[in-house]
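Ligands are counted one by one from 1 in listed order, and the atoms in each one are counted from 1 as well. Because only heavy atoms are used, hydrogens play no part in the values below, and waters and symmetry mates are left out as well, while side chains stay in.
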Amino acid sequence: MLKPRFQVLARHAGLRAQGLATINTSRLLRRATTALLLGGTSAVVAAYFLLPDISRGAPTCDSIPLSPSHFTPAKLVSSTYASSGTIMLTVAVPPELLPNESDLFAPIWSVFIKDDDIQVERPYTPLDGVDKDGNMRFWIKKYQHGEVSRWLHSKKVGETIEIRGPLKTWSWKDDAWDEIVLISGGTGITPFYQLLRTVFSSSPSFHGRITLLHSSRSPSELPPREVLNPLLKLAQHNPDRLRLKLFVDSLDESNGQRFTDLEMHHGRIGKDSIRRALYSASRLSWWRGLFSRDSEDSDRKILFLVCGPQQMVEAIAGPYGRNYSQGPIGGVLQSLGYKSHQVWKL
Ligand SMILES: Cc1cc2nc3c(=O)[nH]c(=O)nc-3n(C[C@H](O)[C@H](O)[C@H](O)COP(=O)(O)OP(=O)(O)OC[C@H]3O[C@@H](n4cnc5c(N)ncnc54)[C@H](O)[C@@H]3O)c2cc1C
């Protein structure tokens, strides 16, 4: 079954991506008809997901501060082409509606954006958080049959977009880990961008080390320069604390044009690349590495955060659990000897 990665992630993160409050009747009928044609079981499953769930509805309010309990109207201030099938989009919430509690905006957080046409919401991660003028910048991929992403790609500057949040996706702690490995695929890099930019600009007490392993299908699908360059710069300025490694499944014609300055690894992120990504592993001499147990690092405070397409998350860290809970650790990280408390699937 084709399951949208982020729809699944949203449920898993407790951020029900469906968020169906009310739904346009004709679209619902169209979907229901398709579902019925698919036969008994799938019709029942589809009905569960497609029926409106009033309890998930939230009112719209433009006079009280931004909060997860209601939608706030925001203006689309820019929408520009970023890379193949993706845009950079900036929306502005009236600054007087920003809540004062700064810890609400500690990484990693997202907001729901509502597609007004069909009253469906999806979560998106503001790359740089929110500034004092209420601006939030997003990198958004358009899914061929996706509801909200296609709607967002069609919105024009000056139009209103309703958002709800902030919602915590995962909580950063300054001194909790010696080493963090971030593993992302596609737009799954957005929460890590938010995390890295915040940590390296405003967490002087963090003395650990971070490695970001990011993969895209091809060079042309890599994150745009607006996303990659600030991260590359952070890694250049913090060579002992941050490393960035890019992977592509295959090379395409864009290689050699936009990406001559980037070191790209050909192939998927797997056991060897994860093992090599660890600072502790790079300190081991080659012969000691040969005989050391993979789980040797288990007493160090190492954390893996994984965010990407569902299949990638499963291959790296194991499947999500029932009701999109974390589920058991599996995949490559399990085979390397890591335990559940060392892995978080975003
Ligand atoms: C915490 C969090 C943060 C996120 N941040 C970002 C972000 O910064 N940027 C970003 O781009 N995304 C982000 N996402 C993903 C985002 O929330 C959406 O899931 C994504 O935009 C797709 O939503 P959609 O409504 O367009 O697609 P959906 O309607 O949910 O569909 C998704 C996929 O399913 C396919 N599909 C839909 N209907 C059918 C059908 N009938 N048959 C077969 N296939 C079908 C679509 O083609 C598409 O590939 C985030 C998700 C989470 C959980």
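- Proximity to Thr190 (heavy-atom distance under 4.0 Å) selects the following atoms of ligand 1: 5 (N), 7 (C), 8 (O).
- Among residues at least two apart or in separate chains, ring pair (Phe, Tyr, Trp, His ring centres under 6.0 Å) pairs with a member in residues 193-252 are Trp172-Phe206, Phe247-His265.
- Here the side chain of Arg164 pairs no donor or acceptor atom with the backbone of Phe112 at under 3.5 angstrom.
- Near Gly146, meaning under 4.0 Å from one of its heavy atoms, ligand 1 places the atoms 24 (P), 26 (O), 27 (O), 28 (P), 29 (O), 31 (O), 46 (C), 47 (O).
- Contact of the Val181 side chain with the Leu278 side chain is registered, since non-hydrogen atoms from C-beta on lie closer than 4.5 Å.
- Remark: Lys114 engages Glu162 in a salt bridge, criterion side-chain N to carboxylate O under 4.0 Å.
- Taking a 4.0 Å cut-off on heavy atoms, Phe138 fails to register as neighbouring ligand 1.
- The side chain to side chain contact (heavy atoms under 4.5 Å, CB included) test applied to Glu226 returns Met88, Arg137, Pro224, not counting sequence neighbours.
- Nearest heavy atoms, Leu97 versus Asp62: CD1-O, 3.6 Å.
- Looking at Ser149 against ligand 1, both its backbone and its side chain come within 4.0 Å, counting heavy atoms.
- For Tyr143, no nitrogen or oxygen atom sits less than 3.5 Å from a nitrogen or oxygen atom of ligand 1, counting backbone and side chain alike.
- Interface of Ser110 with ligand 1, defined as ligand atoms under 4.0 Å from a residue heavy atom, comprises 1 (C).
- Of all atoms in ligand 1, listed by their number and element, those nearer than 4.0 Å to a heavy atom of Ile140 are 11 (O).
- Ligand 1 has no N or O atom lying under 3.5 Å from any N or O atom of Arg150, backbone or side chain.
- Only the side chain of Thr187 comes within contact range of ligand 1, with a heavy atom under 4.0 Å; no backbone atom does.
- Counting only N and O atoms by type, the side chains of Ser110 and Thr169 include a donor and acceptor under 3.5 Å apart.
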